[in-house]
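Heavy atoms only: backbone and side chains are in, while hydrogens, waters and symmetry mates are out. Small disclaimer: the values here were computed from a predicted structure and weren't measured. Lettering of chains follows the sequences in order, A, B, ..., and the numbering in each one begins at 1.
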Amino acid sequence: MLALIDSNNFYVSAERVFQPQLRNKAGCVLSNNDGCAISRSNEAKEMGLRMGTPYFEMREQQQQGLLWWRSSNYTLYQDMMRRITAIVRDTFPDQEIYSIDECYCDITGFKYYDLEQVAVELRKKILQYTGVPVCIGIAATKTLAKVANKIAKKYHRETGVCYLDTEEKINTSLQRTEIDDVWGIGPRYAIQLIKAGVNTAFDFIHLPEDYVLKLMTIQGRRTWRELRGQRCIPMEYEQPDKEGISTGRSFGIMETRLEPMEEALAFYVANAGLKLRAQNSVCAKLFIYVQTSLFAVVENRYSASLKIQIDVPTANTAVLIKAALAGLKQIFVQGYRYQKVGVELYDLRPNSQVQASLFEPADSEKETKMQRALKIIDQLNKNYGKDTIRYAVMGYEKKWIMRQEFLSKKYTTRIEDVIVVKAY
DNA sequence: TCTGGGGTCCTAGGACCC
DNA sequence: TCTGGGGTCCTAGGACCC
């Protein structure tokens, strides 16, 4: 058996822990740049507020006091999740952290326990220790555990637990699960399936396997098999290295000038470079892009992108920034109101595998010095706060920075707490 | 006027190899 | 007139997840 522990309305719940005045009132957490709703309280859902509603469509309700909202505060959410997973690990040690608000546990070793009772206790404990409500779904496969979790959220509000241990319970749950609520079936496939008369997960598992394979490729077949109780998606206890690292943000206000866009891009490259070094990788290619708003009238729309090959794969932020800014000059066109600039580092490889360029003589000593310098910079920034040491092109004013007008405090983390003072 | 960001996986087709 | 077989690598596009 597997258990899926998934927080209820996680961002909203995390905000409510430290701001009790937000409890029992309709509210939501906004996306980056305060753009649209990405987490809603139950009261907001009942009001009919949909996922992704743009903020200006909710403004009136907010102004009338019928709805509260907050900017996303990922530092807070990440730290709350760290606490939740630690509590879960105490009970179920074989844990995969799947996303910022959910984790899977392999609980095969608990077959002689009353699993339902263990889960109910765990849930109470998480609520008591962190203030965040979660639901727990238990079933034989990851996809079925997802189904169980949704059933728990919808129908077992008292206990918050759903345990699919009999065929009867599984069938009832599959009948109660709309096809577009199935994990792995997105809006595109859902439309096609509904057209074919498949409305629930129960209908879906009774389709012929070949038909599913043809319509939805092997991923769809995997979902089909998982829903029939066959484990196809393994547990992943270690987080694999990323294959690409991308960073990009919408500007707080539309940008028309090159210079602030250079600053922003340099910032994103520096962030991506940090993540790159954290997993001991180097990158061989950069992808940069600029775009105007998707909602601009057609004649004012512009988007462009560029792939850049790095001669000697590197994790050196200075080299990456230089390459990215040279590329930006090529694709930037005067006269548009830009909404976003971004970068993706890809073609990543372990830094032990770097191959020297034929045309650029490798200077191993210099590279080692550079690596040492980068390590020290990263450490300083970790200890004394982000961007304490930074590249001058990143600028100081950050006029392009995203909107976060309704940001709450980082209640559980303080940079001072992690400062390590050492005397040399 | 104002509408998020960061990922993964699969497939088909083209270029190329021997 | 008839023109092989087996493979790799890359890319673009589509689908999905949170």
With a non-hydrogen cut-off below 4.0 angstrom, is [X] in contact with a base, only sugar-phosphate, or nothing?
| X | result |
| --- | --- |
| A:R59 | base |
| A:E344 | nothing |
| A:L294 | nothing |
| A:G248 | sugar-phosphate |
| A:E57 | nothing |
| A:T247 | sugar-phosphate |
| A:Y189 | sugar-phosphate |
| A:Q339 | sugar-phosphate |

Measure the distance from [atom1] on [X] to [atom2] on [N] and round it to the nearest whole Å.
| X | N | atom1 | atom2 | answer |
| --- | --- | --- | --- | --- |
| A:I100 | B:dG6 | CD1 | P | 13 Å |
| A:R337 | B:dT3 | CZ | P | 9 Å |
| A:I38 | B:dG4 | CD1 | C1' | 7 Å |
| A:E405 | B:dT3 | CD | P | 13 Å |
| A:F251 | B:dG4 | CZ | C1' | 14 Å |
| A:R40 | C:dC18 | CZ | C1' | 14 Å |
| A:K242 | B:dG6 | NZ | P | 11 Å |
| A:Y346 | C:dT11 | OH | C1' | 10 Å |

Side-chain donor-acceptor pair present, [X], [Y], cut-off under 3.5 Å:
| X | Y | answer |
| --- | --- | --- |
| A:T172 | A:Q175 | no |
| A:Q339 | A:T292 | no |
| A:K153 | A:N149 | yes |
| A:N381 | A:D387 | no |

| request: Take A:W69 and A:R59 through the test side-chain contact (heavy atoms from CB on, under 4.5 Å) and record every step on the way to the result. | output: CA-CA 10 Å; A:W69 59 29; A:R59 191 163 37 202; 4.3 Å; yes
| query | Salt bridge or not for A:D210 and A:K214, using N-O below 4.0 Å? | reply | no
| message | Evaluate A:E209 against A:R225 for salt bridge (Lys or Arg N to Asp or Glu O under 4.0 Å), listing each step before the verdict. | response | CA-CA 9 Å; A:E209 186 169 359; A:R225 286 183 175 172; 2.7 Å; yes
| Counterpart residues, salt bridge (charged side-chain N to carboxylate O under 4.0 Å, His left out), relative to A:K307 (two or more places apart) |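 Salt bridge (charged side-chain N to carboxylate O under 4.0 Å, His left out) list for A:K307, sorted by chain: empty.
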Counting only side-chain heavy atoms from C-beta out, which of [options] sits nearest to [X]?
| X | options | answer |
| --- | --- | --- |
| A:P187 | B:dT3, C:dC16, B:dG4 | C:dC16 |
| A:F295 | B:dG5, B:dT3, B:dG7 | B:dT3 |
| A:I218 | C:dC16, B:dT11, B:dG6 | B:dT11 |
| A:P54 | B:dC10, C:dC18, B:dT3 | B:dT3 |

Check whether any side-chain N or O of [X] sits under 4.0 Å from OP1 or OP2 of [N], and answer yes or no.
| X | N | answer |
| --- | --- | --- |
| A:S250 | B:dG5 | yes |
| A:T217 | B:dC10 | no |
| A:K146 | C:dC17 | no |
| A:R188 | C:dA15 | yes |

| task | Using the closest heavy atom to pick a nucleotide of DNA chain B for each, name whichever of A:R403 or A:R222 lands nearer the 5' end. | result |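 The residue closer to the strand's 5' end, by nearest nucleotide, is A:R403.
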| remark: The residue, A:D241 or A:G52, whose nearest nucleotide of DNA chain B is more 5′ is A:G52
| query | Is the Lys NZ or Arg CZ of A:R83 less than 6.0 Å from the centre of A:Y129's six-membered ring, within 45° of the axis? | reply |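 Checked: cation-pi criterion not met.
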| task | Rounded to whole angstrom, note down the P distance from B:dT3 over to C:dC18. | result | 25 Å
| Sole candidate of A:E405, A:Q19, A:Q404 that passes side-chain hydrogen bond (donor to acceptor under 3.5 Å, both in side chains) when paired with A:R70 |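 Option passing the side-chain hydrogen bond (donor to acceptor under 3.5 Å, both in side chains) with A:R70: A:Q19.
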| task | Enumerate, in order of first residue number, the stems that involve DNA chain C, defined as 3 or more consecutive Watson-Crick or G-U wobble pairs with both distances under 3.5 Å. | result |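 Result, WC/G-U stems under 3.5 Å: B:5-18 with C:5-18.
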| field | A:Y98 ring over C:dC18 six-membered base ring, under 5.5 Å and 30° | value | no
| message | Run A:K410 and A:D79 through salt bridge (Lys or Arg N to Asp or Glu O under 4.0 Å) and show every step you take. | response | CA-CA 9 Å; A:K410 292 166 184 157; A:D79 189 63; over 6 Å; no
| field | Check: A:F267 ring centroid to A:W400 ring centroid under 6.0 Å | value |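 Distance test on ring centres: under 6.0 Å, yes.
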| query | Quick one, which residues of residues 26-35 of chain A touch DNA chain B with a heavy atom under 4.0 Å? | reply | A:S31, A:N32, A:G35
